2 protein chains.
Amino acid sequence: MKLSSQSQAFVLHFGEMGSRWGFNRTVGQMLALLTIHSEPLNADQLGEALKISRGNVSMGLKELQAWRLVELHHRPGDRKDYFTAAGSIWDMARTVFEERRKRELDPTLSLLRQLLLNDPQDEEEVRAQERMQEVYTLLELLDEFATTLSRLSEDDLLRLMKMGSGLSRLLDLREKLKGGSSGAGD
Amino acid sequence: MKLSSQSQAFVLHFGEMGSRWGFNRTVGQMLALLTIHSEPLNADQLGEALKISRGNVSMGLKELQAWRLVELHHRPGDRKDYFTAAGSIWDMARTVFEERRKRELDPTLSLLRQLLLNDPQDEEEVRAQERMQEVYTLLELLDEFATTLSRLSEDDLLRLMKMGSGLSRLLDLREKLKGGSSGAGD
DNA sequence: TACAATTTTCAGAAATTTCTGAAACATTAA
DNA sequence: TTAATGTTTCAGAAATTTCTGAAAATTGTA
């Protein structure tokens, strides 16, 4: 398993970006390698290509499985586990997006729901709760929107993302139509 | 500067989520505190409330200024710098979103543009480049979409996010209309 | 100018995260 | 069974990130 300098650069970059995207360096590298490699790879191959220990590979694969980003394969007559990236690039992006929504929004929504149940004890708390309520409203909306997006078909998603500034024109159009029709619940 | 247990919980939570959102614990805590506190706070007050060193406060404020998430104020006859959260909750969310787009997408787009200029040297590299191209196409689209979103007016953004499943209906509608009209560039 | 108040910097300390490698565990084959 | 092959676990090591606090730099005042 020798990587071309192209692949090497791609893999190293994914390692460095990993932490910004929600996983650690080696997990990022493993995902990158599985993404560009045509054949399924086993743990030894991953470890050798990335120069990391067997234990680290195992933990990384566990993490990638938790993210549902890799798929397990078997070769006839070979007891090793082989892995590939799970699905198309679009599938993977959707999975990362969905997983990050859960990790980055849900815990905060849940805490805020809880805090907003309490009665404020003084003026300062009233103000604090007002702001927390604003944060909550925004994050909840964002959470719903993210969920909506990740449920769109690939076609719809593509159409939406390609709209550019046409998006606000479409929103105006919809606003005009809404008056007369049975508007979608908002 | 004594925090109510509500505020305390909110601040601590933001500290813990901080790393997932792109900043470190104390920066998260400082942002949370400035968000729920009605009055501008100076560095000493932040340090006391959060029990962190003066140096750490200074670095945190520098970071928050780099994110454009805080605003500097002055009180007449007081030489200290006072800070508040910059703008409304929506403004802040937009700023974080935009800043994260830059940090999480742009470096990768830039690397991929570079790598895709090179001619593949063998079959394996052809395959790797195909996948890199797919990643590039997707991330570029995502980057443009994110930019579009962060430029929408607050009203449009609100309308869009509230659409829920109405969104795919709207996309169908637009698809039908497109045939006859001068479609928006895609 | 001197000096007092405030902020920033940054070397080293502390805390946290990631990684290694050997041992334990699991699975299949003989 | 036992051996052979492969995977997982996890304690401690290494690397990285964050934090402290004292010294340096900056800013305003007299």
Side-chain angles (χ1 to χ4, degrees), chain A residues 1 11-34 40-67 70-84 103-104, chain B residues 1 11-34 40-67 70-84 103-104:
Chain A
M1 277 298 313
V11 164
L12 291 180
H13 178 84
F14 263 57
E16 272 160 33
M17 295 303 280
S19 56
R20 295 189 191 171
W21 296 337
F23 19 79
N24 70 31
R25 180 174 22 188
T26 40
V27 170
Q29 291 180 352
M30 290 171 60
L31 181 59
L33 183 49
L34 292 172
L41 294 173
N42 65 40
D44 289 332
Q45 294 173 311
L46 285 167
E48 193 210 328
L50 304 176
K51 312 239 190 303
I52 58 178
S53 74
R54 200 56 190 58
N56 200 0
V57 173
S58 176
M59 289 189 301
L61 285 168
K62 202 168 125 197
E63 175 88 5
L64 285 170
Q65 282 173 303
W67 280 79
V70 292
E71 230 162 52
L72 180 58
H73 301 265
H74 283 108
R75 294 183 175 309
D78 187 341
R79 284 166 57 184
K80 288 194 170 69
D81 293 344
Y82 285 80
F83 295 87
T84 56
R103 294 170 193 225
E104 297 179 14
Chain B
M1 277 298 313
V11 164
L12 291 179
H13 178 84
F14 262 58
E16 272 161 31
M17 295 303 280
S19 55
R20 295 189 192 172
W21 295 339
F23 19 79
N24 70 31
R25 180 174 22 190
T26 38
V27 170
Q29 291 180 352
M30 289 171 60
L31 181 59
L33 182 49
L34 291 173
L41 294 173
N42 65 41
D44 289 332
Q45 293 172 312
L46 285 166
E48 193 210 327
L50 304 176
K51 313 241 192 302
I52 59 178
S53 74
R54 199 55 191 57
N56 201 359
V57 173
S58 177
M59 290 190 301
L61 284 169
K62 202 170 125 197
E63 175 87 5
L64 285 170
Q65 282 173 303
W67 281 80
V70 292
E71 230 161 53
L72 180 57
H73 300 265
H74 283 109
R75 293 185 176 308
D78 187 341
R79 282 165 60 181
K80 286 193 170 70
D81 292 344
Y82 286 79
F83 295 88
T84 56
R103 294 170 193 225
E104 297 179 14

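Note that these values count all heavy atoms, side chains included, but never hydrogens, waters or copies made by symmetry. Computed from a prediction, not measured in an experiment: that's the story for all the values here. Order of the sequence lines fixes the chain letters, A, B, ..., with proteins taken first and strands second; residue numbering starts at 1 for each chain.
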query = Over how many whole Å does the gap from Asn42(A) atom CG to dG6(D) atom P extend?
reply = 9 Å
query = Taking only residues two or more places apart in sequence or in another chain, which ones pass salt bridge (Lys or Arg N to Asp or Glu O under 4.0 Å) with Arg79(A)?
reply = none
ask   = Can you name the closest pair of heavy atoms from Gly47(A) and Val57(A) and give their distance?
value = CA-CG2, 3.5 Å
task = Keeping the roles fixed (side chain from Gln45(B), backbone from Asn42(B)), state whether a donor-acceptor pair exists under 3.5 Å.
result = yes
query = Once you round to the nearest 0.5 Å, how far does CE of Met1(B) lie from NZ of Lys51(B)?
reply = 9.5 Å
inquiry  = In this structure, how many angstroms lie between the C1' atom of dG6(D) and the CD atom of Gln45(A), rounded?
reply    = 14 Å
Under the side-chain contact (heavy atoms from CB on, under 4.5 Å) test, residues paired with Leu50(A) that sit two or more places apart = Val11(A), Gln29(A), Met30(A), Leu33(A), Ile52(A)
task = Give the intermediate values and the outcome of side-chain contact (heavy atoms from CB on, under 4.5 Å) for residues Leu41(B) and Tyr82(B).
result = CA-CA 5 Å; Leu41(B) 294 173; Tyr82(B) 286 79; 5.6 Å; no
Terminal contacting nucleotides, 5' and 3', DNA chain C versus chain B (heavy atom, 4.0 Å) = dA4(C) to dT16(C)
inquiry  = Any base atoms under 4.0 Å from Asp81(B), or only sugar-phosphate, or nothing? Heavy atoms, all strands.
reply    = sugar-phosphate
query = Closest nucleotide of DNA chain D for Asp44(A) versus for Arg25(A): which of these residues is on the 5' side?
reply = Asp44(A)
key: Arg25(B) side chain to Ser19(B) backbone, donor-acceptor under 3.5 Å   = no
remark   = When rounded to the nearest 0.5 Å, the distance separating CZ of Arg103(A) from CE of Met17(B) is 11.0 Å
request  = At under 4.0 Å between heavy atoms, which parts of nucleotides 25-30 of chain D does protein reach? Answer with one letter per nucleotide, 5' to 3': B base, S sugar-phosphate only, - none.
outcome  = --BS--
key: Flag, side chain of Glu16(B) to backbone of His13(B), donor-acceptor distance under 3.5 Å   = no
query = Going by the side-chain hydrogen bond (donor to acceptor under 3.5 Å, both in side chains) test, which pairs reach into residues 58-67 of chain A, not counting sequence neighbours?
reply = Glu63(A)-Trp67(A)
message = Please list, in numerical order, the residues of residues 48-56 of chain B that have a heavy atom closer than 4.0 Å to any atom of DNA chain C.
response = Arg54(B), Gly55(B)
